[in-house]
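See structure below.
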Amino acid sequence: MASIPFSIEEYINRQSRFHSKLPENSMVIIPTNSNCIRSNDTNYPFRGNSYMLYLCGWYDPDAVFVSHNIDGHWTTSLFVQPSDTKAEIWEGRRVGVENASINWPVDEAYSITEIDHIILKNLENINNVFIIQGLNKQLDDIVFESLTNKSRSRNKTGKGPRSVSDPSYLLDEMRLIKSKEEINKMQISCNLASKAHIKAITSSKPGIGEWEIQSIIEGHFISNLSEISYSSIVGGGSNATVLHYGDNNCVINDGDLVLVDAGCEIDGYASDITRTWPINGKFTKEQIEVYEIVLEAEIAGINACVVGNPWLSSHHASSKVIAEGLIKLGILNCSLEEALGQDYDGPYRNFFMHGTSHSLGLDVHDVGVTSPNGEKEGRILEDGMILTVEPGLYFADWRTDISIPSKYAGIGIRIEDDILITKDGPVILTSSCPKSIIEIESLMNTRG
Ligand code: GLY
Ligand code: MN
Ligand code: MN
């Protein structure tokens, strides 16, 4: 049984800030996930709901965080699976109700079997319910039933909830800005993912299978008590031109690049790194020409990650370098303005078709509305946000809708780092993972 990942104070602080945004006489209901069947009698690896992890660090299935406010006073509760020898013989030890009440950041803990009647009882004194829906149908139904007049007359007080809302927007705004403890955790996640990439780079050789690189990376995560934060992408040769390539079942030939997009989770916190390197340890002239453009675009994107800049600054900075590069390579034959297009939707998007940045945290594509007030350039970057910067160039040799000089056909390159926004400028949390041509080639020269 693992223990709670952060200090009790950290969670109490998160809960208090969240509760301070809610009206009096409210109830919050945040269920986590249940196990999900993979095939008969076997489950997918369990991953708890990120809002549950955020508010109280509870990581086991079939639990619910509940808090309610009566006349200004908040009480927090966790409903968890009770100790049950028969179930634990098969599924593993449970934390249990008593242990949860002592060691988790809540006032009270109960068995999950009691949730219906305790919630129903407390709902009588509640005006507003804030529930994450879709995770626990039984609770969704109880809450909606309590809205009806029939339910109010049944409880004889005539009282009961008048509104049901989704609290995720409030929590997402909080999760967008990382605390010191979260930043430390994400640094550990980034360090581990960087090491895994280095291990993969130094194990590379012509003829290696994409799956073997995947197993080096994921083996490193597992041997450090971690796990993947998303399915690893290992694309050799032109497989790198498929953005979410995941088959990872081809041999990588001499002369090919390999693009690896892989990250891990530490206590639920994700890292997300992409590196692209020559499988034989030496970039060709054409690979260098493309790589240098992507690297310059990535550095420009990182340099735009500055407090006060709009969210899309990194995308615009990277896009400009990519569009200039495409003109320099002779792939686009137009002005920079035309290549970029009026809304960054010009022909450069044929070769760099995804976004440059997303927020990163408990989810790899983390929560947070990027234009809460419809801002065209996105919200303003703030101290404590963590974003990726990940431009790429993809010259798919299998596409019939674009024309590519044959010397570049089949090249796909993406470079991705995880960036903490601070008042003192961007901090690259993944800086221990080499990315310049000279660093990658020197590292590969150390192979036995
Ligand atoms: N690994 C997913 C992404 O880079 O967005
Ligand atoms: Mn990413
Ligand atoms: Mn990625």
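Atoms within a ligand are numbered from 1 in the order they appear, just like the ligands themselves.
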_H19 and F65 aromatic ring geometry - parallel, tilted or perpendicular at 30°/60° bounds_ =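 F65 vs H19 ring planes: parallel.
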_Nearest N/O/S atom of E390 with respect to the Mn ion (ligand 2), by atom name, please._
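Distance check against the Mn ion (ligand 2) picks out OE2 in E390.
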_Check contact between V364 and ligand 1, using heavy atoms of the residue and a distance below 4.0 angstrom._
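Judged by the 4.0 Å heavy-atom criterion, V364 does not count as contacting ligand 1.
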_Close approach of H354 to ligand 1, heavy atoms, under 4.0 angstrom_ =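 Heavy atoms of H354 never come under 4.0 Å of ligand 1.
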_Could you identify the N, O or S atom of E416 positioned closest to the Mn ion (ligand 3)?_
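It is OE1, the N, O or S atom of E416 closest to the Mn ion (ligand 3).
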_For the Mn ion (ligand 3), the closest N/O/S atom belonging to D272_ =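 The closest N, O or S atom of D272 to the Mn ion (ligand 3) is OD1.
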*asked:* Can you report which non-hydrogen protein atom sits closest to atom 4 (O) of ligand 1, along with the distance?
replied: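 Going atom by atom, the protein heavy atom closest to atom 4 (O) of ligand 1 ends up being E390 OE1, 2.9 Å.
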*Hey, does T274 come in under 3.5 Å of ligand 1, counting only N/O atoms on both sides?*
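N/O-N/O distance below 3.5 Å does not exist for this pair.
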Ligand-side contact atoms (ligand 1) for residue partner [X], heavy atom cut-off under 4.0 Å:
| X | value |
| --- | --- |
| E416 | 4 (O) |
| H365 | 2 (C), 3 (C), 5 (O) |
| H358 | 3 (C), 4 (O), 5 (O) |

*Got a sec: does the CG of N445 have more than 12 other heavy atoms crowding it under 6.0 Å?*
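Enclosed.
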*Would one find more than 12 heavy atoms of other residues, nucleotides or ligands at under 6.0 Å from atom CD of E375?*
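Result for CD/E375: enclosed.
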*Are R349 and F352 in a cation-pi contact, defined as NZ or CZ under 6.0 Å from the six-membered ring centre and within 45° of the axis?*
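Yes, R349 sits over the ring of F352.
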*Does NZ or CZ of R414 fall inside the cone over Y394's six-membered ring, less than 6.0 Å from its centre and within 45° of the axis?*
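No, R414 does not lie over the aromatic ring of Y394.
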*Would you say D261 has an N, O or S atom lying under 2.8 Å from the Mn ion (ligand 3)?*
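Yes, D261 qualifies, because one of its backbone or side-chain N, O or S atoms lies under 2.8 Å.
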*Any sub-3.5 Å donor-acceptor pair from S318's side-chain atoms to A297's backbone N or O?*
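Looks like yes, one N/O pair under 3.5 Å.
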*Are any of the side-chain nitrogens in R379 or E173 under 4.0 Å away from the carboxylate oxygens of its partner?*
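Salt bridge flag = yes for E173 with R379.
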_Applying the side chain to side chain donor-acceptor pair (under 3.5 Å) criterion to H358, which one of T370, D272, D363 satisfies it?_
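Result: among T370, D272, D363, D272 is the only option passing the side chain to side chain donor-acceptor pair (under 3.5 Å) with H358.
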_2.8 Å cut-off met by an N, O or S atom of H358 to the Mn ion (ligand 2)_ =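 Here the distance criterion (N, O or S atom, under 2.8 Å) is met by H358, so yes.
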